[in-house]
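Please read the structure below before turning to the comments.
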Amino acid sequence: MSWRRFLLGRAVALVGMLFAATFIVFGLLFLAPGDPAVFLLGGGTTVNLGAIETVRAAHGLDLPVWEQYFRWLGHALTGDLGYSYQTRESVTGAILGRLPTSIMLVALAAVFTIVGGVLLGIVSVLVQGHRLAGIVTGLITFGAGVPAFVSATLLVSLFAVNLGWFPASGVGTGFLGMTYHLLLPAAALSFGYVPTIARVSASAMMDLAKSAHVDVAMSRGLSKGGILRRHIVRNAMWPIVNLSGVQLIILTMVTVYVETIFAIPGLGKLLIDAVLRKDFPVVQGIILIFVCFFVFVNSVVDALRPVIEPTSRVESRRD
Amino acid sequence: MRVATIPARTKRAISVFVVTGLMLAGCSGGQDTPGSTESSGGDSQASSAPADGGNSGGDGTQTQAPAAGEPTQIDSFSWGISPGVAHLDYAQAHTFSVNQTLANICESLHQMQPDLSNGPGLAESVDKPDSTTLIYHVRANVSFHDGSIMTADDVVASLNRQLDPAVASVWTGYLENVESIEATGPLEVTVKLTKPDPLFDEAMGSAAGVVESAKTLAEAGDQYGSPEVGVNCTGPYSLASYKTGDQIVLDRFDDYWDKDNVGYAKQVVFRFFDEPQALTNAAATGEIDGIYRLPLEGHKQLLEATDAGSLDFSPSVNVVNVIASNPDGPMGDVRVRKALMHAIDRNALVQATYQDRASVAKSPAPLTAWQAIVSTEQAQEYLDALDNYDYDLDTAKQLVADAGAEGKTVHIATTPFNAAWPVFAQNLVTALNSIGLDAQLETLSRPKYLQLFADPDMRREYDIFATDYGAAFGDPLSVLAASRTGAGENYASWSDPEYDQALDAALAADDAERPALTAKVQQILNDQLPWMPLYNADLAVWTGKKITQATMSDSFQWAPWANKIGGAPAS
């Protein structure tokens with residue numbers, strides 16, 4: 001398949017997914033309890049019925065749901081994502097203001113997850129049959145069972161409040177400041193996902209360890225480290241990369257927990273706030289960003305496959 | 001159309017829920033309550049403070065800061081607010097977060113004092129030539145943050161904006177008797193009322209009376225108060241930057257008109273938090289220097305964090321009330337309402353949640369709500385005259401039997417507004433079941449719970465729900481007016497001609513007669529219980545070691561306070 005066809009296919013899929021996702025989310029939000037006009041007028045404290053009608057009309061909330069959607073879509077196609085009902089700031093501004101923080105948080109968490117997961121996977125292969133194997137398996141099982149909000153609470157309590165090594169809240173300024181502030185949140189975010197990568201890595205490497213070409217390599221007297229590096233880890237890369245793509249998407253979706261606990265202004269919190277207050281323009285804007293990101297990650301992973309796994313090139317030629 | 005508007009204070013009160021609920025939901029939002037301080041109905045209000053030095057407001061009076069010595073000039077301090085601020089529009093200022101931030105940027109015609117009375121603000125004085133005319137003499141040579149000078153036209157534009165239906169102000173309840181607001185001189189504004197209404201002028205010390213530049217209002221339009229457009233007022237601090245979901249930075253306004261009260265700190269940072277624990281951790285680690293209304297969840301940790309600062313308490317005006325929201329259900333019978341009051345052990349409830357940092361309330365308008373208009377002794381006398389509905393299950397059961405309500409189902413709506421709410425929701429269930437009623441508790445999501453305050457039909461689906469409600473200024477009528485027939489905040493859909501007449505009489509009376517007439521209004525409410533007051537919790541204020549002189553009063557929502565805070569003198 002040529003690159004041109006590949007990219008064209010992805011572009012068509014992206015447009016289709018954007019349309020479907022925004023329409024479904026808009027519809028679901030519309031059906032959820034709560035009236036955006038009420039939140040706009042003060043979170044339910046105002047019973048000014050005349051004002052509610054005024055606000056509904058001003059924002060087109062009195063129109064049928066499909067008309068509201070296509071109205072939004074028409075503006076979005078011209079690059080106008082509208083204004084937040086709640087804060088009155090432009091949706092573009094609200095998203096761009098948080099995007100660097102979210103990217104940094106997810107990127108750090110992804111590095112922790114993937115590097116930590118692969119290393120733990122390698123360790124678990126190396127300790128096979130050793131007494132340490134039980135401890136490593138225990139760690140993996142424990143980690144997999146700890147949700148992000150628990151790990152975040154534990155980490156902030158230990159390393160920020162008690163030891164004072166890291167800030168308990170906020171995002172800092174500048175690259176170094178942001179990195180320092182986001183290390184603990186990223187660690188908390190990745191905590192539950194490291195074991196998944198570790199298990200898949202270990203499993204893939206164990207399968208390879210039993211394969212014929214590894215036996216051949218061993219019979220040739222290659223070192224254990226060399227075999228691990230050249231014949232096992234490298235060939236186990238594809239399932240790891242494939243899973244990492246999925247994990248990256250999941251990490252993006254669950255940042256709200258650590259954003260809340262560490263008081264970090266990211267997209268996750270913005271989205272949840274907007275959903276709870278039925279701030280349609282903001283929800284739609286973030287969904288657009290997320291869908292684009294998911295399609296991008298999937299495309300990158302797919303594009304990497306022939307590079308990482310040469311056999312897939314052969315298979316695709318046979319197709 | 002008579003618009004059911006909720007007086008600001010109400011709004012504020014509700015906001016309280018709002019705020020907390022959202023936090024619990026893991027998102028931001030929230031808000032708060034009206035402001036003021038209080039001490040509750042007669043019981044010891046003194047909030048206790050930790051052995052190591054917390055201060056307490058005590059007997060219903062406000063105190064100023066846990067202070068020691070003259071504050072020093074400092075570069076900056078940071079304040080934690082929860083949840084964050086969504087916008088800075090004074091017409092929509094109804095949450096603790098917005099109010100406490102805006103109070104330092106935008107000022108009102110009157111300036112609320114720590115006892116919640118009004119002192120001179122942007123109006124030097126007000127003349128009242130007759131009962132329906134108010135003439136405000138606007139202060140000269142007051143600069144807005146952009147350098148322009150305030151005139152009567154700015155006052156007129158700011159107040160008239162509150163009346164614009166498109167703005168949907170939360171303050172319209174206090175302005176509903178306004179006939180006209182006009183400039184009658186370069187520095188003179190004349191307000192004509194359709195009938196005597198003391199609450200209008202009293203509200204001019206809250207965000208209802210904020211003065212913004214007319215030019216800014218015209219230019220900003222719908223975007224007024226947004227992070228991108230901001231505000232342009234006269235307060236001791238000006239808006240330097242505003243990032244939603246993160247923080248607001250204020251710079252000291254060196255051309256502030258009140259030269260004696262220019263701020264000590266060059267910069268003040270308001271940091272946003274959604275989660276009570278995150279707010280508490282930031283205080284304990286010194287990342288923020290102060291908090292107003294620290295959520296209950298953080299009390300224990302910060303009472304013990306004496307190395308980092310001091311958690312102090314002061315009486316507050318807010319009272320948690322149970323609303324009998326369905327007049328057609330069992331709670332529509334006053335005997336059942338009285339039975340419920342007798343069946344709740346409110347002293348035990350307070351001990352289980354706030355210990356001695358809250359007290360049992362007899363009225364939605366606690367002692368603090370009265371302090372600006374009568375002496376503490378007089379207010380206490382009024383409160384002592386009320387029935388306390390002591391815990392007495394036998395009496396409660398008899399009342400239920402008299403009402404023929406045994407076995408009837410009582411639907412309770414609740415939401416986890418803060419750590420105390422699940423406790424008292426469960427107390428309600430136990431109380432109702434123990435007197436022969438069938439309690440059904442339904443926990444609603446925050447958004448759905450908020451709908452209760454806006455949707456009278458939805459309220460009737462439940463028999464009771466709770467609200468944390470406080471006065472926006474020092475007049476108990478501001479709270480008692482909520483139960484008038486048809487009032488927007490009349491969540492009980494309650495109607496009593498005798499009550500309405502008593503309310504009208506109090507509002508029409510002169511200042512000397514009004515307190516006694518207000519007490520009569522309160523007496524009727526206590527006898528009929530459309531709102532069943534549970535408790536009122538103290539205002540919890542955290543101040544870190546670095547700073548001193550935080551205002552210990554609910555006035556933090558309406559009058560500048562950041563300019564009073566400076567560096568703690570070296571001890």
Side-chain angles (χ1 to χ4, degrees), chain A residues 32-35 37-55 58 83-84 86-90 93-94 97-98 101 149 153 156-157 160-161 164 167-171 256-257 259-278, chain B residues 1 3-6 10-15 18 22 25-31 86-87 89 92 94-95 165-166 168 170 172 222-229 243-246 271-275 277-279 281-282 284-285 287 445-456 488-489:
Chain A
D35 181 344
V38 170
F39 297 124
L40 227 122
L41 289 173
T45 62
T46 302
V47 191
N48 186 330
L49 300 177
I52 287 179
E53 293 310 316
T54 304
V55 167
Y83 288 85
S84 160
Q86 285 294 319
T87 68
R88 307 172 194 185
E89 68 183 328
S90 70
R98 289 168 172 78
T101 304
F149 64 88
T153 306
V156 77
S157 174
V161 177
S169 65
V171 72
V256 64
Y257 298 117
E259 284 176 24
T260 302
I261 289 168
F262 288 93
I264 296 167
L267 287 179
K269 235 167 56 174
L270 182 66
L271 175 62
I272 298 294
D273 280 357
V275 167
L276 285 176
R277 291 169 181 177
K278 304 193 97 175
Chain B
M1 141 195 259
V3 186
T5 343
I6 305 194
T10 308
K11 309 167 172 171
R12 278 150 205 69
I14 300 170
S15 309
V18 180
L22 289 179
C27 22
S28 73
Q31 344 340 10
H87 63 75
D89 184 349
Q92 290 287 337
H94 64 86
T95 72
V170 297
T172 51
D222 291 347
Q223 304 304 306
Y224 177 73
S226 72
E228 286 155 341
V229 172
K243 189 177 174 197
T244 51
D246 189 10
R271 289 194 47 202
F272 304 172
F273 295 82
D274 285 335
E275 212 271 328
Q277 190 57 54
L279 181 71
N281 287 341
T285 56
E287 290 168 28
S445 68
R446 169 70 141 237
K448 194 168 180 192
Y449 197 81
L450 291 178
Q451 289 281 112
L452 285 169
F453 296 94
D455 185 347
E489 64 278 31

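Here the structure is a predicted model, which is why all the values come from computation and not from measurement. Chain A is the first sequence line, chain B the second, and so forth, proteins listed ahead of strands; every chain is numbered from 1.
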Nearest-0.5 Å distance, CD1 of residue I264(A) to CZ of residue F273(B):
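If I round to the nearest 0.5 Å, the distance is 11.0 Å.
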Say you draw a straight line from OG1 of T244(B) to CG of D273(A); how long is it, rounded to the nearest 0.5 Å?
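Here the interatomic distance stands at 9.5 Å.
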side-chain contact (heavy atoms from CB on, under 4.5 Å) for F149(A) and E275(B)? Distances and angles first, verdict last.
CA-CA 12 Å; F149(A) 64 88; E275(B) 212 271 328; over 6 Å; no
Measure distances from Y83(A) to the heavy atoms of chain B and classify the residue's part below 4.5 Å as side chain, backbone, both or neither.
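Only the side chain of Y83(A) comes within 4.5 Å of chain B.
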Keeping the roles fixed (side chain from R98(A), backbone from D246(B)), state whether a donor-acceptor pair exists under 3.5 Å.
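No; judged by distance alone, with no hydrogens or angles, the pair does not exist.
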What are the two closest heavy atoms between [X] and [Y], and how far apart are they?
X       : Y       : value
R88(A)  : Q92(B)  : NH2-CG, 3.4 Å
P265(A) : K243(B) : CG-NZ, 4.4 Å
G93(A)  : E228(B) : CA-OE2, 4.2 Å

Taking side-chain contact (heavy atoms from CB on, under 4.5 Å) as the definition, give me every residue that meets it alongside Y224(B), ordered by chain and number, with sequence neighbours left out.
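Listed in chain order: D89(B), Y90(B), R161(B), E212(B), T216(B), L217(B), A220(B), V231(B), C233(B).
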Mind checking side-chain contact (heavy atoms from CB on, under 4.5 Å) for A168(A) and listing every partner two or more places apart, or none if nothing turns up?
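Scan of A168(A) (side-chain contact (heavy atoms from CB on, under 4.5 Å), adjacent residues dropped) gives V156(A), A160(A), N281(B), T285(B), E287(B).
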Do T153(A) and Q277(B) have side-chain N/O donor and acceptor atoms under 3.5 Å apart?
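Note: T153(A) and Q277(B) side chains miss the donor-acceptor criterion.
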